[in-house]
Each structure stands twice: as structure tokens, then as C-alpha cells.
Amino acid sequence: MKQKLINFFEATGLTWFVPIIRLVTGEEPKEQCTEIFKMLGYPAIALALFFMTWGYLSTKIKTSVGALPSPTYVWSQGEAMWATHNSETVRKSEAGELEKVRIKFNTLVTERRTLEENGKATEPVDKKLDKLLSETKEKAELYTPLVEKYATIKEKAEKEKAEEITAIREKFTKAGKFDLDDSGKPKIDVDGNPQLAEEALDEINYKQNFRVAVYEGNLVRVYKSIQGSYRSLINKVEKIEKYTQIARELASVSPSTGHDKKVASNNRKRQAFEKQIAKPNDYQGNGSIVDYIKLSIITVVFGFFLAAFVAIPLGIVCGLSPAIMTALNPLIQTFRPVSPLAWVLITIQVIDGIFVGDNALQGDILKNTFLHSGITVALCSLWATLSNTALGVSSVDQDHLNVAQVLKLNWFDRIFKIIIPSAIPYIFTGLRITLGVGWMVLIVSEMMATSRGLGWFIDQEYQNNKVESLANIMVCIFIIGIIGAILDRIMFTLQKLVSFSDEVSA
Amino acid sequence: MSNYVKEHYLDLVNLSKVYPTKKGPFVVLENFNLTVPEGEFVCLIGHSGCGKSTILTMVAGLNSISNGSVSVAGHEIDGPGPDRGVVFQSPSLLPWLSAYDNVMLGVSKVYPHASKKEREDIVKHYLNAVGLGGAFHKMPKELSQGMRQRVGIARAFALKPKMMLLDEPLGMLDALTKHELQDLIAKLHAEHKLTTLMVTHDVDEALYLSDRVVMMTNGPKAKVGQILLNDMPRPRERVSLLEYPNYYKYREQLITFLEEQELKKKHTAA
Ligand SMILES: Nc1ncnc2c1ncn2[C@@H]1O[C@H](COP(=O)(O)OP(=O)(O)OP(=O)(O)O)[C@@H](O)[C@H]1O
Ligand SMILES: [Mg+2]
């Protein structure tokens, strides 16, 4: 068990876990402690220094939208994003429930129609509808206490924040820190109060920027809107019931003049509402950070596989044939350094030319914009795999080729049993670089392609032009960095698994 | 098989090798002649760079022949083939295949009509024969140098070759492993009676294994300097060998030859 864990961490390059395991299992505690300190302590010191510098700079540097967000503020924005993700999840599941109820209503209403048309008794369905309606009404009202509950929490938090801000204001007022005019008297602000000095305003702004009870605030909105949707659904069903009732009454009275017209008009109204509840309700979420991350990862994986799919076979061919290599080399050298910004523009034009108008891709993930960014990733990142594969194939150990010769292996076996296997470590080295480059390129291509991943989100935030957005961008930078590092770890592990020796550079 | 072929199982006739170099053609061998009868174990010794490996790789078909010819079992060779088993100084196993699969690669090539079970048995038999019964599925990087070389030997023998070409197969091993593998090679030779050409630097090894020791003069244009007929009785025991009356005489002869060549080398250098 222990050895297995150690092997795992060594295989993944997370070697700093190894001494911890040894320590926990009571192996030479003293040595392990020094080891842990070296592996964790040094990075911890560097991190601490980094955050201190950042914290200090955030008090000094003014950006075009306000003070540079401090580490704590960025962290709180991260929390707010997470809260939004959670409330969006609630919205999604509530909307799902709502949709189920709508479908139930619709089924019953349709069923009743069919029964009526066939001249059969509708009582059982009527009863079911009645029951469902009253259940739904109850359910809709259940949201009221929920809304109240979360609204109270939110209000309380806002009040506390307001109090804190007032306290800051008072602190500075007491200390007499005002913005003075030329005559030495405090300036007067729009509300007619003496204006506080800039440092005071900075502190107030800083406090002001922190969002409180984000999750609760969002939930209030989510529950209110869901409740509204339930009520509107109930309303429509009640209308249907009303017109059904009228239709029955009309059927029971003896026909008089204008009777047919009345029946027809009533039926039209009833049908209009029936149509309304028959329409599926697309859940229109706002998207959350988790959705952006998911799409970004899917896009980079798509681009990565696309790159591998093109680069590996091409690399093998180049490695096998110096003539092809020579032929392709100028092209490779020319395209390799081209910026993703240029590629993405061409990709957009080409893809939008292929999937145009009604043919535009409308899938949940597979949209035109997805292809724009995915293909750009592939175009920019395939070169490393291409050249590494070619190198691997062309530098097969002569000893191994001798083996092939002695065994008189045919062309196919030579390539698939000797050359490709021996090039695999090179190929994986290339793939690791490809994934790294791809992830880096992805962000900018998403910005340009408006594919709703992290890059798009960053761009949106940038357009917002607020301190809050700047902090969100910084959160994204950390997310991007961490995911990039994880992807690299994964590739490192694969690279280690396929290598024939133990030397793989971390 | 005619008697002539038996007597000339391996026949090197006026063999020449010229390497084109930047300073012009470099003649390693010129009109080199050697005949090995069937089943004989011949050791080639000579100073470094005299062209031993060149001869061996040419016989293996891995190195082009500039002039002259090489025949095996009466047929002039044309490129490499599994009829000549080769073991080099480095075992050159395919690192992505296990010991078992390394041997199997050749076996399935050489016995295309054998059933799966038969092939498996062949692979297992030879791996057992070289003493790797317990390491079938180890990867090369998990094996010691000696074990890797054992796999290399098993791989060569499993192809049922007509002859064996060994180029300092034990050169990189420590003394103890070397002795073990010398015993292994002797055992396999006794069993299969394969015509063998082995390059070595080790005089004792040559005397322990060979029927004849061919001493080569220094290059360029290396030739057969002397031939020692090693008539020490088989099977040989390492210890009793030392008691054989001619052992020291033979050893003396080999070492004297090598020292003479060494002197000449210095002479020409100076
Ligand atoms: N491909 C080549 N091109 C040019 N010269 C070569 C080439 N291969 C070998 N030689 C030269 O040919 C000569 C004989 O080489 P060879 O490898 O056969 O020597 P050797 O007797 O096996 O030496 P050692 O005992 O060190 O293995 C050497 O001088 C070497 O430099
Ligand atoms: Mg050599």
C-alpha cells in the first residue's frame, strides 16, 4: 500500500508527497521532516513573498478602473463565482422540475383531448388534472418562505457591510481627514457633506467592492423567477380549465343562434393556451465559471486530439522519408511561428463559410465558435508533436533496425513493430508540449471566437471595465494556471509510463 | 550436404572492406580468407580497431561487402537473415517488449506455420535454457545487464540459425556473470553444435570456448596472423583446464602474438 502510494506520486511527479507518506508511516521522522521542509517550506516561503508583494502593490498601483485588486479581494471574487455557480445549479434543477410539471400537465391535457374526440368519458383525467393543479399551487407557494429566508440573510449582510462602511467614514471624520480646498477648508461633496480625503475614499471603495451573501442574493432571484414561472403555468392551466368548462356547458345547452360561433371561439382560446403549455421551455441559464471551465477543457482536448491526429501520422511519414521531410520543412518552418490571433481569424472565416446560415452548428457544445477555437488550438499546437514524431522516427536506434533486418521484417512490421514503438517516447514528449501550447493558445482563441469558455469570460469581464471584473480576470488567471499545471502533470505521467528509461524532465 | 560444404560451412573468400572516409577510402580488410567447418567454434582475437566487428557484421549481412564473398552452408549470403543468429556486445533488446515478447518477435517470424502453442513452447524453452525461467514478462529496463544478454542469446538461438555470430557478447559484464554466460554458451554449443564465430578480447574466454583461435594482425588491411588449434578436450571444466598441459602454452602463444602486434602498433605510430 505504502509503496504503491509512493510509486504513484513518483510516477505523477508529485514527489513532495513522498516524504509525507514516509513520515506518516513513521519512517525516520527527522529526515522526512527536513525533506518536507525543503519540498514544501521553500515553495511556501516563495508563495508568501509573492502574496505579500502583490498585497503591497495593490495598495500602490492604480489601474484604469481603480485600485489593483488585492489578494483577499480576488479570493472573495473567486468565492462569489463559486456561489454563482451553486445558485445556477439550483436554478438548473428547479427549472428541470418545472419542466417536468409542465410535461405532466401537457400529457393530461392532450389525453383529455383525445378522449373527448373519441367521445369517451374524461372524468379520471379531469380528476388527475385537478389534483396536479392543486399540488402545483401548493408547490408554487412554498417558494415564498424560501425567498423570505434568503432575502433576510442577504439584507442582514448588506446592513452589516453598510455599518462597516459608516464606521470607516466616522473613523476618518474623527481623525479630520478631509479633502481640503486651496483655502484649507474641506470640500463639500454632492450630498452636502464634507468630502473625505482620498485615502479614506480608497478604503471605503475597497470595502464597498466586496460582495456579500452572493449565494443567498442569487437564490432570492432564482426562487422568485421560478415561482413566477410556476404561477404563469398555473394561470395557463386554469385558463384551459375555464374554457373546457365553458365548452362543456355550451355542449349541454340546446343550440341557439350564434351557438356554433361561440363554440368555435371558445375552442380557439382553449387551444391557444393548450399550445402554450405544449411548448418545451428551454432552460436559459446564465452560465457559471464551471461551465466556462468545462467548455475550455473540452475545447482544448478536442484541439489536442485533432492536432495529434494530424501531426502523428504526418510526423511518421516525415521521419520515414527524408524527401518528404525536405519537401514539407519550408511549410512547417513558415507556419509554426504564426500567432493564434492570425489563425483564429482564418478559421472563423472558413468554418463560418462551411457551416453557414441554417447549417450553422447548434449543438450544446458543437457550435461554430467551438470549432473556431478548437481548430485554432490544433493549428498552433500541432507543430511540436509533428517535429518530435519526425525526430523520433528518424532517430531509431541502429541496433533496433538491425533486429528488423536480421528478422527480415516486412515493411509493415518494421514500421509498426520497431519504428513507431521506439518513437513513442518522442511522440509523447511532443504531445506534452502540444497540450501546453494548446492550453495557452486556447484563451486567446476563445476571446476572438466568442466561444463561451474561460477566454470569452475574461473578455466579457474586460469589457465590463470595473474593479470587480479585473478581480474576476485575476481569478481566471489562477484557474487557467492551475488547470494548465494539472494537464501538464497528466502528460508528464503518461510520458513517464511510456518511456523506456527513467529520465523524464519534470 | 556434400563434404566440401561441411568442410567449408562458413567460407570467407578474399573478403575486403573499404570504408569511404573524408580522408579518402579506408581499407580495413583486404583479401581476408577464413574457412570454418560445420560445428566448429572459432574465436577471433585482435587489437581494437583491427576489423573484427567489420568481419562479423559482414557475415551477418548488416554491413556491405566491398569485395570478395561470404558463403554460409554453400550459399553466398545476400543481406541479413535469421539463418545467422547475432549477439552483439549490447543486447539491443526492444525496450518496449518484455523478455518473452522480444524472443517471440523473431520466433513468430521464423516459424510462421507453427501453432500459437508451439511458438510459446519454443520461446519458453529457450528462455528457460538461458536461465530466465522466472523473468518471462520483465521489461528490459527491469533486467540486469547479464539477464538482458541472456535474453539476447535466447533470441538468437530460438531462431534455429545455421550459425552463430557473437561480437564480444560478454564484454560489458562483470567477471562472475561472464563466467556464468561462458558456461551457458559452452552448454548451448555442446547441445546444438552450431558453427560459431565469436569475437573476444579475452584470451581465457577464447581458450575455454573455442576449437580454433584466429589471431588477426593490426589494421588497416588486417590479415589472419596465426591460427591456434585448441585441442583441449571437451566438455571442458574451468578448473581442470588449468591442469591441461598445453593450456599455458596456448595462452602464452596468444598473448605473445597480441603483444607483438601491440609493439608494431607503437612502432608504426612512432
Ligand atoms: N562506418 C565506418 N566508417 C568508417 N570507418 C569505420 C566504420 N566502422 C568502422 N570503421 C573503422 O574500421 C576499423 C575497424 O573497425 P571494427 O569496429 O571492425 O574494429 P574492431 O576490431 O571490432 O574493434 P573493437 O575491438 O574495438 O571492437 C576501425 O579503425 C574503425 O575506425
Ligand atoms: Mg568491435
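Residue numbers start from 1 in every chain, and the chains themselves are labelled A, B, ... in the order their sequence lines are given, proteins ahead of strands. Side-chain atoms are counted along with the backbone in the values below, which use heavy atoms only and exclude waters and symmetry mates.
In this structure, the portion of A:Val403 lying under 4.5 Å from any heavy atom of chain B is its side chain and not its backbone. The contact between A:Ile418 and chain B is made by backbone and side chain atoms together, counting heavy-atom distances below 4.5 Å. Both the backbone and the side chain of A:Leu409 have a heavy atom closer than 4.5 Å to some heavy atom of chain B. Using a 4.5 Å cut-off between heavy atoms, B:Arg155 contacts chain A through its side chain alone, with no backbone atom that close.
For the set B:Leu105, B:Leu97, B:Val86, the count of heavy-atom pairs under 4.5 angstrom toward chain A peaks at B:Leu105.
Counted by atom type alone, B:Ser90 and A:Asp399 present one or more donor-acceptor pairs between their side chains at under 3.5 Å.
Here the closest heavy-atom approach between residue B:Gly81 and residue A:Lys408 is recorded as CA-NZ, 3.7 Å. For the pair A:Ser499 and B:Lys141, the tightest heavy-atom approach, listed with the atom from each and the gap, is O-NZ, 3.5 Å. In terms of heavy atoms, A:His400 sits closest to B:Ser92 at CD2-O, 4.2 Å. For the pair A:Asn410 and B:Lys109, the tightest heavy-atom approach, listed with the atom from each and the gap, is N-NZ, 4.2 Å.
Between the OG1 atom of B:Thr57 and the CG atom of A:Asn402 there is a distance of 9.0 Å, given to the nearest 0.5 Å.
Residue B:His75 places its NE2 atom among 12 or fewer non-hydrogen atoms of other residues, nucleotides or ligands, all under 6.0 Å distant. Heavy-atom neighbours of B:Lys6 NZ from other residues, nucleotides or ligands within 6.0 Å: at or below the threshold of 12. For A:Phe305, the CZ atom counts as loosely surrounded, since its 6.0 Å shell holds 12 or fewer non-hydrogen atoms of other residues, nucleotides or ligands. Heavy atoms from other residues, nucleotides or ligands lying under 6.0 Å from CZ of B:Phe26 number more than 12.
A donor-acceptor distance shorter than 3.5 angstrom exists from the side chain of B:Trp96 to the backbone of A:Lys417, with no hydrogens or angles considered.
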